[in-house]
Amino acid sequence: MRVYIETYGCTTNQADTDIMRGILSRRHDVVGSLDDAEIVVINTCGVIDFTERKIVRRIRELKGSGKKVIATGCLSRISRKNLREVCDALVSPDNVHRIDEAVEGVARGERVEILEVTSVDKSELCLYKRRLNENAIAIVSISEGCLGSCSYCATKIARGRLRSFSVESIVREVEVAVKAGYREIQLTSQDTGAYGLDRGENLADLLERIAGIEGDFRVRVGMMNPQHAVAILDDLINAFSSEKIYKFLHIPVQSGDNRVLEDMRRGHTVEDYEHVVEEFRRSFDDVVVSTDIIVGFPTETEESFWMSYELIERMRPDIVNITRFSPRKGTPAYRLRDMPDWIKKERSRKLTELTRRIGLENNLKFVGKSARVLVTKAGKNGTLLSRTDSYRPVIVESGKIGEFLSVKIEKAEFNYLKGSPC
């Protein structure tokens, strides 16, 4: 069969797509054009309601054009009933290794659902992975699920409790990727900071093993929640001291009000977040700090919002991912009274203006300085995207994907720098 894959959402979904692409390629033709496909696999995201509606519309379009559609990813569990009405098959995130069964069943005219809970170690599937070789980036999943119980999050419904993958298998996958020429390894999971807590191990130990792999490469550590970072902070900072680990910290705080954090069931305090950020900044010359804020949570008052605003103003993160609260069916927060969208939009606008100002002020400090960067992928209008050792994005006009360059920073915007080889 000729199969086309569309992927939505996070890097974990992208890693799952690499597995499915490899498994399907053994018996089927994975095509690069939708027009050539008989079956379309939609790897779905279910974080917010807007994304779900967009994906369901897309599935209806594909069905209307005569395609068979298989839905994988988080929505296959989060919105099973809705997707049954529009799809030919459903495959849950922990069953991506069985995607060929779904394709072959649909090809025979059957309706297929592969949704039972499994504990597959996806790092052991690395030899099946087929990456597109479009850039210097290899995504490596280190675990699935989480230890949290956030009241607003539907991803837990889809991904379940924490299942950390084998250290040996993860290290082997990174070794294979580096030998294949990938120079940026992105470690991904629902919460990298929780890695190993179900196995008597931890993220710092894993990073030290990966940093010991031969080769000139960099590792980007994905999102970690504050409570887990605090628990291993000294070891974590020691592991990040390797030149192979980007000094990049994605640590979501979600609110500047501890009362709201309790309502969100986040399991950490504002002070935990501040402590981790301050210790990283004390330990390294330059750290790119990324955080997440949810605006408009049902119990967020006007005062609560301004506490979030003041936290961002005080801590000055380089990146702030702002999400307007979206009630997700099946979560405890779904039962709370939602606030009007216009309030969420106004709070989001104010926070966006602040974060853009801070981002520009942070980046202006680097104009006129030199840096060593890794060219990771193609940019817009013939440019290339590269990264400093702290993961700051630097746009360059020349170079080769996968090489290290010395550049001089000439210009700064709120979300990137621009440089030229020197």
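Side chains are part of it too, since the values below use all heavy atoms of this structure and drop only hydrogens, waters and symmetry mates.
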Which residues pass the side-chain hydrogen bond (donor to acceptor under 3.5 Å, both in side chains) test with [X], sequence neighbours left out?
X      : answer
Tyr8   : Glu6
Asn202 : none
Arg131 : Glu173

Return yes if some donor-acceptor pair links the side-chain N/O of [X] with the main-chain N/O of [Y] below 3.5 Å, else return no.
X      : Y      : result
Ser123 : Ser169 : no
Thr355 : Leu351 : yes
Lys156 : Gly148 : yes
Lys122 : Phe165 : no
Ser143 : Ser189 : no
Lys344 : Ser326 : no
Ser79  : Asn82  : no

To the nearest 0.5 Å, how far apart are SG in Cys87 and NZ in Lys63? 8.0 Å
Please assess Leu83 against Ile55 for the test side-chain contact (heavy atoms from CB on, under 4.5 Å), listing each intermediate value before the final yes or no. CA-CA 10 Å; Leu83 262 62; Ile55 290 171; over 6 Å; no
Pair [X], [Y]: side-chain N/O donor-acceptor within cut-off below 3.5 Å:
X      : Y      : result
Ser255 : Asp257 : no
Arg349 : Thr352 : no
Ser164 : Arg199 : no
Thr17  : Asn43  : yes

Would you say that [X] contacts [Y] through its side chain, given a criterion of any heavy-atom pair below 4.5 Å between the two side chains?
X      : Y      : answer
Val287 : Ser390 : no
Ile185 : Leu187 : yes
Pro252 : Asn225 : yes
Ile245 : Arg218 : no
Val112 : Glu104 : no
Ser290 : Asn321 : yes
Thr44  : Arg58  : no
Val96  : Val120 : no

With [X], which residues qualify under salt bridge (Lys or Arg N to Asp or Glu O under 4.0 Å), at least two apart?
X      : answer
Glu302 : Arg347
Lys411 : Glu413
Glu116 : Arg98
Arg335 : none

Apply side-chain contact (heavy atoms from CB on, under 4.5 Å) to residues Leu384 and Ile401 and explain how you reach the verdict. CA-CA 8 Å; Leu384 295 165; Ile401 292 176; 4.0 Å; yes
[X] to [Y] - nearest heavy-atom pair and separation:
X      : Y      : answer
Gly402 : Arg183 : O-CG, 3.4 Å
Asn258 : Val270 : OD1-N, 2.8 Å
Ile213 : Val171 : CD1-O, 3.8 Å
Arg316 : Asn362 : O-ND2, 3.2 Å
Ala204 : Ile232 : N-CD1, 4.2 Å
Leu115 : Val91  : CD2-C, 4.2 Å

Does atom CZ of Arg356 have more than 12 heavy-atom neighbours, drawn from other residues, nucleotides or ligands, at distances under 6.0 Å?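 Not buried by this count: 12 neighbours or fewer within 6.0 Å.
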Arg314 atom CZ, over 12 foreign heavy atoms within 6.0 Å: yes
Pairing of [X] and [Y] as salt bridge, 4.0 angstrom limit:
X      : Y      : result
Arg159 : Asp16  : yes
Asp286 : Arg392 : yes
Arg209 : Asp205 : no
Asp94  : Arg77  : yes

Just to verify, what does Phe366 make a ring pair (Phe, Tyr, Trp, His ring centres under 6.0 Å) with, not counting sequence neighbours?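 Ring pair (Phe, Tyr, Trp, His ring centres under 6.0 Å) check on Phe366 returns nothing, list empty.
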Identify, with sequence neighbours excluded, every residue that meets ring pair (Phe, Tyr, Trp, His ring centres under 6.0 Å) alongside Tyr4. none
Could you give me the CA-CA distance, side-chain angles and deciding distance for Ser92 and Ser76, then say whether side-chain hydrogen bond (donor to acceptor under 3.5 Å, both in side chains) is met? CA-CA 6 Å; Ser92 63; Ser76 63; 5.4 Å; no
Kindly indicate, with the supporting measurements, whether the criterion side-chain hydrogen bond (donor to acceptor under 3.5 Å, both in side chains) is fulfilled by Thr383 and Asn381. CA-CA 6 Å; Thr383 62; Asn381 302 318; over 6 Å; no
Restricting to pairs with a member in residues 240-249, which pass side-chain hydrogen bond (donor to acceptor under 3.5 Å, both in side chains), not counting sequence neighbours? Glu184-Tyr246
Salt bridge (charged side-chain N to carboxylate O under 4.0 Å, His left out): which pairs involve residues 37-48, sequence neighbours left out? Arg2-Glu38
Axial cation check for Tyr391 ring with Arg387, 6.0 Å and 45° limits: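 That pair qualifies as a cation-pi contact.
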Can you check side-chain contact (heavy atoms from CB on, under 4.5 Å) on Arg21 and Leu132, steps first, answer last? CA-CA 9 Å; Arg21 187 184 298 111; Leu132 292 177; 3.5 Å; yes
If a pair satisfies ring pair (Phe, Tyr, Trp, His ring centres under 6.0 Å) and one of its residues is in residues 321-342, list it, with sequence neighbours excluded.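 Found Phe297-Phe325.
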What class does the angle between the rings of Phe284 and Phe240 fall in, given that below 30° is parallel, 30 to 60° is tilted and above 60° is perpendicular?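 Phe284 vs Phe240 ring planes: tilted.
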Is there a side-chain contact (heavy atoms from CB on, under 4.5 Å) between Leu147 and Asp198 once you walk through the steps? CA-CA 9 Å; Leu147 293 176; Asp198 56 331; 5.8 Å; no
